[in-house]
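No experiment lies behind these values; they were computed from the predicted model shown. One-based numbering, in listed order, for ligands and for the atoms of each.
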Amino acid sequence: MNQYIELENRFGAHNYKPLPLVLSRAKGCHVWDTDGNRYLDMMSAYSAVSHGHAHPRILKVVQKQAAQLSVVSRAFYSDNLGAFLQKACEVTGMERALPMNSGAEAVETSLKAARKWAYQVKGVAPDKAEIISCHGNFHGRTLAVLTMSTEEQYRADYGPFLPGFRNIEFGDADALRSAIRPNTAAFIVEPIQGEGGIIIPPDGYLAECAEICRQQNILLIFDEIQTGLGRTGQLLACDHDDVRPDGLILGKALGGGLYPISLFLSRSEIMDCFKPGDHGSTFGGNALAAAIGLEALTVIEEEELVENSRRMGEHFINGLRGINSSLISDIRGKGLFIGVEIDPAKATARSVCEQLMKHGVLSKETHETVVRFAPPLIISKEDIDQALDAIETTLSELTG
Ligand SMILES: *Cc1c(COP(=O)(O)O)cnc(C)c1O
């Protein structure tokens with residue numbers, strides 16, 4: 001495996017620090033390394049592989065559509081983009097959708113939409129619009145998005161950042177209330193902070209934010225790139241609070257594990273602020289993406305992945321709570337979006353992930369202390385039980 005690692009290290013940028021494992025094949029919930037060892041994938045590419053690897057229905061659509069029509073750019077119509085956008089609007093209860101590729105691009109789109117709306121509809125003075133985000137957020141890696149980040153490493157030596165942003169505490173509706181100014185355009189928030197460490201806000205927080213935003217005439221934007229499409233045991237994480245945002249961002253699982261696809265969805269009043277030429281993307285919404293996105297959404301419904309996420313998530317979290325280990329200081333999660341907090345005095349999350357890998361289970365730490373478990377939503381009870389055994393063994397080995 002070393003030759004592949006060396007080659008990547010020699011010719012690649014060193015902006016990641018992968019676990020020392022070289023993968024060459026994947027199917028369903030499993031991946032294989034170049035030596036033929038099999039691993040259970042318990043992080044599914046940060047939820048991009050919620051359908052499992054190489055889902056047969058989505059794979060079939062890729063093969064058929066790729067041969068028929070893929071990239072023509074939005075200079076022309078294609079015969080399947082409308083159906084994809086319609087489906088996305090219908091399942092999320094939104095009115096319009098704008099397709100992009102990566103999650104960060106869809107977040108950028110939401111910020112641009114919020115600013116346009118502030119000037120054209122709300123009547124904020126030119127160049128004065130403000131956007132509120134939360135401490136500990138993760139919305140991607142582009143410069144505008146990093147302006148919102150409070151993570152020192154993500155921001156270091158990338159300044160200067162954009163004006164017109166302010167941060168508040170996550171999970172505190174009063175903080176939102178007091179941060180709003182007459183020129184505030186929008187509040188953008190993850191319903192559960194993923195990269196931040198699977199941080200779940202108090203019950204009713206999202207509903208209270210929605211009420212505040214409605215009263216104060218500011219847009220509420222949910223970044224559901226990681227929490228959306230069944231990850232938390234509801235189609236959208238905001239369904240737990242029974243609220244609808246003004247703007248919604250999807251990505252990751254929307255690509256069915258096979259293609260980068262993201263969407264910014266909103267009410268018509270907001271989306272109509274974009275006029276031809278105002279915004280775009282060469283690959284965004286291409287025919288291959290549209291076919292895959294439509295199938296990804298259809299498979300989630302027809303294979304009842306949301307239901308499985310809820311049931312398997314409960315089984316998994318109960319199993320974790322049954323593990324008696326002094327290394328665990330907290331277990332939290334919803335559906336199959338679960339964080340295990342490791343006591344930093346006893347071990348690092350990274351060391352847990354490295355040891356778990358030796359027992360055939362792949363996971364990824366977020367920050368120094370949280371091991372994140374977010375397996376494909378198709379996962380079976382047997383696979384979860386195998387993961388639980390490996391986790392228990394790992395923790396007892398690390399306890400020494
Ligand atoms: C992953 C993620 C993003 C960024 O998506 P990319 O496709 O990596 O650009 C944005 N927001 C959230 C909540 C994410 O989890």
Atom 5 (O) of ligand 1: any protein heavy atom closer than 4.0 Å:
yes

Gln226, any N or O under 3.5 Å of ligand 1 N or O:
yes

Assess Tyr46 for proximity to ligand 1: is some non-hydrogen atom of it under 4.0 Å away?
no

If you take the centroid of each ring, where Trp contributes its six-membered ring, are Phe138 and Tyr154 closer together than 6.0 Å?
yes

Are His135 and Phe170 close enough that their ring centres sit under 6.0 Å apart?
no

Nearest protein heavy atom to atom 9 (O) of ligand 1, by residue and atom, and its distance?
Ala104 N, 2.8 Å

With respect to Arg372, which candidate in Glu365, Glu341, Glu195 satisfies the salt bridge (Lys or Arg N to Asp or Glu O under 4.0 Å) definition?
Glu195

Any chance the side chains of Asp203 and His240 put a donor and an acceptor closer than 3.5 Å?
no

Quick check on contacts: which atoms of ligand 1 are under 4.0 angstrom from a heavy atom of Gly140?
4 (C), 10 (C)

Please tell me whether Arg231 and Ser50 have a donor and an acceptor in their side chains that are separated by less than 3.5 angstrom.
yes

Plane angle bin for Trp32 and His30 - parallel if under 30°, tilted between 30 and 60°, otherwise perpendicular:
tilted

Counting heavy atoms only, which part of His139 comes closer than 4.0 Å to ligand 1: side chain, backbone, both or neither?
backbone

For a quick test of reading the model, state the closest non-hydrogen atom pair linking Ala114 to Ile221 and the distance between them.
CB-CD1, 4.2 Å

Around atom 7 (O) of ligand 1, find the nearest protein heavy atom and jot down its residue, atom name and distance.
Gly103 N, 2.8 Å

Is there a polar contact, in the sense of an N or O pair closer than 3.5 Å, between Val107 and ligand 1?
no

Heavy-atom contacts under 4.0 Å between Lys252 and ligand 1: side chain, backbone, both, or neither?
side chain

How far is atom 11 (N) of ligand 1 from its nearest protein heavy atom, and which residue and atom name does that atom have?
Asp223 OD2, 2.6 Å

